[in-house]
Amino acid sequence: MKMRTALTLCALLLLGRAWSQPGDLGEANEKYRGGDLEGARVLLDRAIRDPALAATAETWVLRGFVYKDLYKASAKGESAALLRDEALASLYTALQEDTAKQYAASTLPAYDYLSRTIYNDAVHSLNGLAADSATEFYRKYKEAVRRLAPDTTFATRDVEFGNALGTVQVKLFNRDRADLHWYEEAVKTYLAVLAKDPGNYGANYNLATLYYNRGVFNIQRIDADNDIPSIQEIQEASRDYFTLALPYMEKAHDMDPGRKETLIGLEGIHYSLQDEEKSKYYRHMYEELKHDDSPGKEPIGPHAVQVDHRATDQHRFRPLHLLCRAGDRVHQQYPDAHQGHQYPDRNYVCTLGGCRGAPSESGGECPHVGETLGLGGKHSRRSGKNGAPKDLRKGTAHAHGPDRHPARRLG
Amino acid sequence: MSFGTGPLQRLRAFLVPYTRIPVAVVFALLCWGGMQVQREPDKDTIAIIEASYLYNIAKLVQWTDPKMREGPFVIGVMGSGNLYQELLNKYATRTIGKQPIEVRKLPRAAVAERCHILFIQKEDRAMLAESMKGTSLGSTLIVTEWPGALDEGAVVNFMPANKTLKYEISLSNAQSHRIEVGLTLRQLAGRVVE
């Protein structure tokens, strides 16, 4: 008796497995179409553990889109970032598996959209003075982009982002100048910017100002408790900062001699270095510029970066097509179907739930399963000629109003 | 539209006499104002260092005149508004011995007040000679900030040295002002003139 129960259980388990695995994808698609993203996710997470399903692009495409939509629906935060990571990873795998580039038109824009949202998170973090998370988001953004396109260069964006990050780090340093952490970070950031773009005016000017202010801050802290030897020590330390500041301020001035802020900067640095003659020289130049009343250039302000407005999920999708696989129920119905066979010139649509047997334009009958199929395509909702969905006809790509989800659109 | 006897008309009547100020005077004032650019006090590193030196110098010298050991310890500042502000902000609540520090901003004129320390900025160097003519600086430690000031009678003179600010001392000038310069102050000086 016990043996019989055990065998029955085993058989049920095996049957369930055989049944559930191929069905997970179709069911997940149904749930996705129905808006049950969480349900779809559970099924897809299970599906990717199945070696056969995990080896197909379709699974990863759908999983990528489900996670993308989950990310979009979630409140921003750590959990949202995890959803996005999953979406990106799935879409990336889909692109790798999709050797025929069948889904690339859909997955690439989705991947691009998600990577841009990482960049935008970096920008939002900067706006919130969260320098560390901004740096991490930016690193992840680059990593995401480079995963698909390893040769991508970020020189311009690195400079732009670095200047904005430096501005934030300086702001954080100014909150508590006794804590040198943000000072050191800002110096590193500006030096990194200058390593990429030595002629960057903003980085030269801001680094010079940072060094200069650091020297001034040391001196500002002198008070009645300082004796003469300590005054001299402080001066020497500050002198080193002023000396560091000088070449960067000079470089910025050389790049744009008409700017007042570098003249003021050079005047201040030379003054603090006890060089009265040069200090007066730059003061005089500044006064001349001031009296000149030439169209003034705006003093350089804090650097900021803008969010990437291209990060909108409005890309057009090509309809998703799935290939039939061995083990699908359609195969059980039509054993002669080729696994993975595709008939892009036909209008027959098969679903994972079985061949719907749509008549072809030439009036034939459903040849066999293994036909090109849309995720969850159903005859009942077709509106194209001969009942075929417009989306699938001739394999053309279409954009469809507000519903940008390929699988839903196909339904 | 008439302004009548409203506030604008009254303001205009008030301003009219002043419009007769010679243009040359206005120009001169403008030019002078342009040269006397006031640096932000918190960025005036030299003023900050000088103030600290003045306080330390005050602690490291002795006034032999008994009258100078009574009452407040007066530090007079001629010119250099930033130095005056710095002294007020950081040192005015301190004492030298038992004498509370009093910081005074002096007019640009020959000094007629009793001061323990008198600072004269370089723009007012002419005032040093003027002040020396009088008798009020008998026991005053004169501090200056231009080259050659020790030869003009200053006891301590600030000078740049290796891109920092140091000071030089004239012991003979100190002696003539009845001031004893402590050993520490001498040892830490950039230059000591016997």
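Letters A, B, ... are given to chains in the order of the sequence lines, protein chains preceding strands, and every chain is numbered from 1.
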inquiry  = Under the side chain to side chain contact (heavy atoms under 4.5 Å, CB included) test against A:I219, which residue among B:D42, B:T45, B:L165 passes?
reply    = B:T45

query = More than 12 heavy atoms of other residues, nucleotides or ligands under 6.0 Å from NE2 of A:H181: is that the case?
reply = yes

task = Pull out the residues in residues 236-255 of chain A that come under 4.5 Å of chain B, heavy atom to heavy atom, sorted by number.
result = A:E236, A:R239, A:F242

query = Considering only heavy atoms from C-beta outward, does the side chain of A:Y212 approach that of B:K43 to under 4.5 Å?
reply = yes

request  = Might you point out which heavy atoms bring B:S52 and A:N226 nearest each other, and give the distance in Å?
outcome  = OG-O, 4.3 Å

task = Check each atom of B:N89 against the heavy atoms of chain A and say whether the ones under 4.5 Å are side chain, backbone, both or neither.
result = neither

ask   = Are B:K163 and A:Q235 side-chain neighbours, meaning at least one heavy-atom pair lies under 4.5 Å?
value = no

task = May I ask you to decide whether B:R39 forms a salt bridge with A:E267, counting only side-chain N to carboxylate O separations under 4.0 Å?
result = yes

inquiry  = Does A:F217 have more than 12 heavy atoms from other residues, nucleotides or ligands lying within 6.0 Å of its CZ?
reply    = yes

inquiry  = Are B:Y53 and A:Q232 packed together at the side-chain level, in the sense that at least one heavy-atom pair is separated by less than 4.5 angstrom?
reply    = yes

ask   = With a cut-off of 6.0 Å (strictly less than), are more than 12 heavy atoms of other residues, nucleotides or ligands near NZ of A:K76?
value = yes

remark   = Applying a strict 4.5 Å limit to non-hydrogen atoms, the region of B:Y55 in contact with chain A is side chain

remark   = Answer key: most heavy-atom pairs under 4.5 Å with chain B among A:I228, A:I234, A:L273 is A:I228

ask   = Side chain, backbone, both or neither: which part of A:N213 has a heavy atom under 4.5 Å from chain B?
value = side chain

query = Rounded to the nearest 0.5 Å, how far does CD1 of B:I48 lie from OG of A:S272?
reply = 8.5 Å

Shortest non-hydrogen contact from A:A224 toward B:K59 = O-NZ, 4.2 Å

key: A:D275 portion near chain B, given a 4.5 angstrom heavy-atom threshold   = neither

request  = Determine whether the side chains of A:Y271 and B:D44 contain a donor N or O and an acceptor N or O closer than 3.5 Å.
outcome  = yes

key: Residue A:I231 versus chain B: region with a heavy atom under 4.5 Å   = side chain

ask   = How close do B:E86 and A:I222 get, heavy atom to heavy atom, and via which atoms?
value = OE2-O, 4.5 Å

